[in-house]
Structure formats: structure tokens, C-alpha cells
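Report on one structure; see the data block that follows.
Below, chain A is the first sequence line, B the second, and so on; all start at residue 1. Since we're looking at a predicted model, the values are computed, not measured.
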Amino acid sequence: MKITVKLFAYFRENRFLREDQDLPAGTTVGDIISSLGIDPEEVGVTMINSRHCALDQAVQENDQVAIFPVIGGG
Amino acid sequence: MADKIYRINMSTLSTAVEEVPAQWQGHGGRGLTSTIIAAEVEPSCHPLGPGNKLVFAPGLLSGTTAANSGRLSCGAKSPLTGTIKEANAGGTSAQLLARLGIKALIIEGLPQEERWYSLAIDEQGITINEETELIGKGNYAVIEAMGQRIGAKTGVISIGQAGELKMSGANISIKDPDARIRSCGRGGLGAVMGSKRIKYISIVPTDKKVAIADPEAFKAANRTFAKALVDNPISQALGQYGTNVLVNIINEAGALPTRNFTTGQFEGHEEISGETMYDTIVERGGKPKHNCHAGCVINCSQVYNGPDKEYRTSGFEYESIWAMGADCCVDNLDYIAQADNLMDDIGLDTIETSVAFGVAMEAGVLEFGDGAGICRMLSEEIAQGTPLGRIIGNGAGSVGRAFGVTRVPVVKNQAIPAYDPRAIKGIGITYATSTQGADHTMGYTIATNILGVGGSVDPLSHEGQVELSRNLQIATAAIDSTGMCLFIAFAALDDANCLPALIEMINARFGINLTADDVTNLGKTILKTERAFNQAAGFTNLDDRLPEFFSQEPIAPHNVVWDIPGEKIDTFWDF
Ligand code: SF4
């Protein structure tokens with residue numbers, strides 16, 4: 001199952017900005033986060049295809065998964 | 001010594017020092033400017049005529065050691081919106097005024113003659129002086145001249161050419177500790193200062209301190225408060241990336257208004273993002289962290305250098321970068337930095353003016369993406385006051401009317417900022433109902449709609465948006481009265497120690513006993529005072545609506561329109 005993972009802010013350091021991944025069916029957003037060695041405590045927002053999602057949501061073929069640390073502005 | 005009101009009458013060129021009336025005692029910042037405008041300005045007056053007043057007020061905690069408390073509020077009837085208006089900014093002036101015991105400056109009347117003036121404030125009081133040399137010059141020339149004439153630490157509040165020309169996009173600039181500029185940006189308050197023919201106000205620092213009723217309690221509360229700010233992860237991210245960290249997340253959410261609000265994602269988002277900006281700043285020897293006033297512990301500002309490693313701009317905010325970037329399709333931070341600095345110097349609101357450029361691009365005045373063209377038109381048209389420059393300098397609504405464009409993103413004639421209300425519905429409620437025209441800072445629902453701060457409310461649903469906006473607008477009106485930077489709100493929403501410590505500081509400063517409910521009631525009273533002014537000026541619930549095109553043109557990628565009915569918007573005021 002092909003999906004795209006996008007990282008933002010300091011999550012990009014020593015990782016990547018955007019990467020295509022081939023993952024087994026049933027993989028969740030939380031699984032992707034652990035596989036990247038990101039502390040789930042530091043995760044602020046996750047989105048699949050531009051919609052907010054929970055960490056236990058499973059990803060589907062061609063999904064775009066975006067992972068942000070806790071950030072703010074205004 | 002009790003704080004005083006300084007009243008400056010520009011019709012008679014006279015000044016007076018007054019006691020603070022009892023009913024104004026508990027107010028500061030926005031609460032005070034709005035209370036004074038509501039009490040003393042006829043709502044139907046012409047904003048640039050003799051009946052309008054320009055009021056400056058430091059916040060309740062400004063001038064103390066409280067972290068992040070150095071915001072100065074400026075209020076008047078707005079020439080852009082016709083509503084009551086408050087805009088606040090950092091810089092050094094709020095702290096200097098508060099330490100001089102000045103609770104507010106009220107500037108009224110209009111000079112009889114075509115001369116320009118300045119106001120000089122020091123420990124002896126206030127004087128009105130004629131000014132000739134700096135007329136027609138930008139804000140940086142004023143700041144430099146004050147440094148030479150009076151001293152490097154002089155506080156400066158000034159207008160550029162845009163304010164002199166009474167443009168509705170003109171802002172008021174406040175000098176920061178590095179002799180750079182922070183802006184009371186929105187609503188054309190610079191034009192009101194220009195109408196009163198005041199080019200600048202200088203403030204000589206004093207050694208006096210703000211009196212604190214209970215210094216020990218104050219110190220303890222400030223320690224807790226500052227710790228809540230510093231420990232908050234959002235504060236830390238603001239220090240690294242500035243507010244511009246938002247470009248990528250708002251783009252990802254499909255709510256980054258692009259190409260004059262025709263789509264919700266910008267192809268060039270990476271080029272203008274906070275991440276790119278951070279790397280560029282570090283590479284060119286700029287400063288990713290910088291504060292707009294002493295005492296800020298968040299440091300969301302920065303110093304951005306050009307490819308030659310020379311200074312280009314500071315206080316490089318998300319909304320400014322979005323407006324010139326995505327909305328005008330300029331995918332180059334160097335052009336955006338140059339335009340940002342030019343707007344600071346000319347004294348223009350970066351949101352209003354850049355959104356006006358987006359509308360002008362749609363009208364064919366210049367091409368989308370023409371960053372060099374924006375910079376050229378800023379210096380050669382707007383700063384010179386040519387007819388085209390005045391049309392753009394008067395804001396997005398002005399450009400739409402002049403060129404017959406119907407896609408004009410304004411509410412109450414003020415440009416909508418960096419979050420599309422079709423894809424983030426809570427902010428649409430704020431734009432529609434704000435007492436001051438479209439303004440994200442009035443009730444920043446992005447925190448909860450997008451960032452997951454203070455809970456979460458689905459940005460595309462109708463549910464919970466009115467309540468969210470209402471609660472945030474009430475809290476914001478109260479925070480805007482304290483002199484606090486609004487970015488304390490992230491810690492306040494997240495950390496149970498933060499707000500009680502803030503209230504404790506107010507109590508210790510004045511020797512009073514406010515509760516959290518009192519603070520909420522203060523916020524409600526301010527909103528109602530502001531709304532009553534607007535109603536008396538002729539505004540009705542039908543003005544609390546978004547422009548028609550938002551309900552007719554779906555925005556990609558979610559392909560959604562603005563569809564919250566008017567009756568539901570009106571329930572905002574049920575409190
Ligand atoms: S966080 Fe930013 S806007 Fe707020 S006081 Fe600090 S530098 Fe100024």
C-alpha cells in the first residue's frame with residue numbers, strides 16, 4: 001500500500017520533508033510516528049488528506065499523511 | 001502618584017492633565033480606549049473630522065516587570081470600517097508611558113492651519129511643537145531623527161507618508177528596543193493621526209517605576225506566569241519559527257487563501273514557509289529569535305537578512321507573508337521581506353495593503369506573482385500619493401470599487417486575513433461578528449479549529465463555531481486590556497496555572513480582588529460597549545455577514561462554501 005508522509009517544523013531535522021512509503025494494510029498514523037522515532041507527546045496535529053485524524057486511524061492506499069509538532073501562531 | 005490622563009486639543013493647540021474618572025479606573029489597553037471613544041466620540045462623526053479622537057493607552061500591567069506586558073493600545077473611530085477600532089502593538093512606548101504615570105493620551109480636535117506638529121512627552125509633561133523637517137518622510141527617518149535629537153532610548157510613535165496622506169490602510173508605528181518598527185496595524189488609525197496633523201510622539205524614558213500595591217505577591221505571580229509561558233511548547237515553536245510556522249499547516253488544511261481567495265492551497269508554500277524562513281535566517285546570519293519589547297519571554301519576532309547578509313526586515317509575521325505570498329502568489333521571501341520593510345517605513349498595514357494588491361492583480365493592474373512590481377508600486381505610487389497609489393493605499397475595498405472587482409475579501413470594508421472562512425468556519429464567525437471588521441486576532445479560533453489548542457472543533461462543521469468564537473472574543477477583549485501580548489493565550493488555554501497567575505498580578509498591582517468571573521465580565525462589557533457604538537453609527541446585524549462570493553464559490557481542496565446562515569451568526573450576541 002503506497003502512501004505519502006509529510007513532516008513539518010523540527011520533525012524534519014535528520015528525517016525528511018516528504019517521503020513515499022510502502023506500508024502493510026492496517027498501518028495506523030501512530031505506527032508511522034513510532035517508526036520515525038518521533039515521541040508521540042511532541043505530536044500536535046496529524047492530518048490525512050487535509051483532514052484532522054486520530055493517531056489510531058488506519059491509512060489507506062494513496063493517503064497523504066501530515067505530521068506536525070505542537071505549534072501555534074497568529 | 002495616581003495615574004493621569006493627558007488630553008491634547010489640536011484645535012486650540014493646548015494640553016491638560018486630568019485625574020482618571022472613577023469609572024475608567026479599572027480599565028487599561030483596549031478596555032480603556034473603547035470606553036473613552038464610546039463616552040466621548042459621536043458615533044456618526046466623520047473619522048477624519050474634528051469629532052473623532054485618537055486615544056493611546058498602555059495595558060493594566062504595562063510598565064511593570066510582568067512578562068509580555070508591553071502592548072500599547074490605540075483606539076478611534078476607524079476610517080476604514082466606520083466602526084470603533086482598537087489596534088495594539090509592542091515596542092517600547094507602552095512601558096515608557098506607564099512609568100510616566102500616563103493612563104491614556106486623548107488627542108482631539110483638528111488644527112486650524114496647514115501645519116504639522118509633534119508631541120513631546122517627558123517627566124515635565126507634554127508639549128505640542130511644530131514639525132517641518134520630517135514631513136513627507138518615512139517612519140525610519142523619524143526614528144533616526146529622534147535618536148539624534150533626543151537620545152537612542154527615546155520612545156517613538158509615528159506615521160509614515162500613508163498616514164500623512166490619510167489613507168485608510170495607514171498604520172501607526174511604535175519603535176522597538178532595536179529602533180525598528182512594530183505596528184498598530186489595522187483599521188487606518190494612521191490616517192486619524194494624520195488628520196490631526198501629528199507626525200510623531202516622542203517619549204523620554206524615566207527612572208520612575210510603576211507603583212505595585214503588593215510587590216511580593218506580584219513577584220511570585222509573575223514567576224508562575226513567566227514559567228507557564230516559557231514551558232509551553234507553542235511558545236518554544238514561536239521562538240524558533242515565528243508565527244510563519246503556520247504557512248504549511250494552514251496550507252495542508254486547505255485554508256490558505258491563494259490568488260485573491262480563489263483556492264485554498266499555494267504551490268509555492270514551501271518557499272515562503274516558516275521552515276524555509278528559519279533556514280534562510282540562520283544561513284544569512286540573521287536572528288531567528290527577537291522580542292518586540294523588553295520582558296517578552298516568547299520571542300516570536302526575528303531579524304531577516306538578505307542574500308548580502310544585510311538587514312532586510314524584522315517582525316516578519318505569518319499574515320504579512322501569507323498576504324504577499326499566497327494571496328498575491330509571490331513565492332519569494334526576499335521580495336516579501338523588502339515589501340514588508342517598505343510598508344513599515346511608509347506606514348501601511350501589511351494585511352490590508354497586500355490583500356489590496358491581490359485584488360489589484362485580479363483587476364489586471366499588475367500580474368499575480370510580481371513581487372518586484374509590488375515593491376515598485378509601494379515606493380513610486382503609494383508613498384508618492386499618486387491617484388493609483390491612493391486607490392491601493394485605501395485598502396482592498398477601495399481597489400474593488402475602483403476597478404469593478406466583485407471578489408473582494410473584506411468584512412465591514414476591512415481585509416480578511418490569512419485563514420479562509422469557507423475551510424475554517426469558526427474564524428468566519430469571528431470575521432463576521434467582530435466589532436472591528438475582519439480580524440483574526442479578535443477571536444482566534446484557529447487555535448481550536450486547526451492547532452488542537454483549547455480542545456478541538458472540526459473546522460468544516462457548523463457545530464460549536466459560534467460558541468468557540470464568542471468565548472475567544474470575550475477572553476481576547478479582556479487580555480487586550482492587560483497589556484499582554486495575545487500569544488500568552490496558548491499557555492492560558494493549555495496550562496491551568498497561567499490565567500490565575502495573570503489575574504493575581506493584576507490584583508497585586510492595584511490592591512484589588514478580581515476573580516476569573518470578573519475578568520470574563522470585563523471582556524463581555526468591552527464587546528457590548530464596542531457594539532453599542534457601532535449600532536449608534538448605523539451598523540446592524542446585516543453587516544455581520546461575509547461577502548457574497550464566499551457562499552457562491554467553493555474553495556479547493558475541500559470544495560466547500562461559506563454556509564452558516566445569518567440567523568445562526570446572530571446568536572453570537574446572545575450573552
Ligand atoms: S511573542 Fe512576539 S508579539 Fe508577543 S511580545 Fe513577544 S515578540 Fe512581541
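For B:Leu486, no part lies near chain A; criterion is any non-hydrogen pair under 4.5 Å. Looking at B:Ala447, neither its backbone nor its side chain comes within 4.5 Å of chain A, counting heavy atoms on both sides. Contact annotation for B:Tyr318: neither backbone nor side-chain heavy atoms come within less than 4.5 Å of a heavy atom of chain A. Using a 4.5 Å cut-off between heavy atoms, B:Tyr278 does not touch chain A at all. Of the two parts of A:Val70, the backbone and the side chain both hold a non-hydrogen atom closer than 4.5 Å to a non-hydrogen atom of chain B. For chain A, the nearby part of B:Asp458 is the side chain; its heavy atoms alone come within less than 4.5 Å. Within the 4.5 angstrom heavy-atom criterion, only side-chain atoms of B:Gln265, from C-beta onward, approach chain A.
The main-chain N or O of A:Tyr10 is found under 3.5 Å from a side-chain atom of B:Tyr241 such that the two form a donor-acceptor pair.
Looking only at side-chain heavy atoms (C-beta outward), A:Leu17 and B:Glu275 stay at 4.5 Å or farther from each other. A heavy-atom distance below 4.5 Å is not found between the side chains of A:Lys6 and B:Asn248. Side-chain contact between A:Ile71 and B:Ile249: present, with at least one pair of heavy atoms (C-beta onward) separated by less than 4.5 Å.
For B:Glu270 and A:Arg12, the salt-bridge test passes: some basic side-chain N is under 4.0 Å from an acidic carboxylate O.
Dense packing is recorded around CG of A:Asp39, with more than 12 heavy atoms of other residues, nucleotides or ligands lying under 6.0 Å away. Counting non-hydrogen atoms of neighbouring residues, nucleotides and ligands closer than 6.0 angstrom, the CD atom of A:Glu61 exceeds 12 such neighbours. The number of heavy atoms from other shown groups lying within 6.0 Å of CD (A:Glu41) does not exceed 12. Other residues, nucleotides and ligands contribute more than 12 heavy atoms inside 6.0 Å of the CD atom of A:Gln21.
In terms of heavy-atom proximity, B:Glu317 sits nearest to A:Gly74 at OE1-O, 3.9 Å. Closest of all the heavy-atom pairs between B:Val245 and A:Ala9 is CG2-CB, 4.4 Å. The minimum heavy-atom distance linking A:Gly72 with B:Leu238 is given by the pair O-CD2, 3.3 Å. Annotation for A:Asn49 and B:His558: closest pair O-CE1, 4.4 Å, computed over non-hydrogen atoms. Minimum heavy-atom separation, A:His52 to B:Asn449: CE1-O, 3.6 Å.
Distance check: B:Glu252 CD to A:Ile67 CD1 gives 10.5 Å after rounding to the nearest 0.5 Å. A distance of 10.0 Å separates OG of A:Ser50 from CG of B:Leu460, quoted to the nearest 0.5 Å. Here the CZ-CG distance, from A:Phe8 to B:Leu246, works out to 12.5 Å after rounding to the nearest 0.5 Å.
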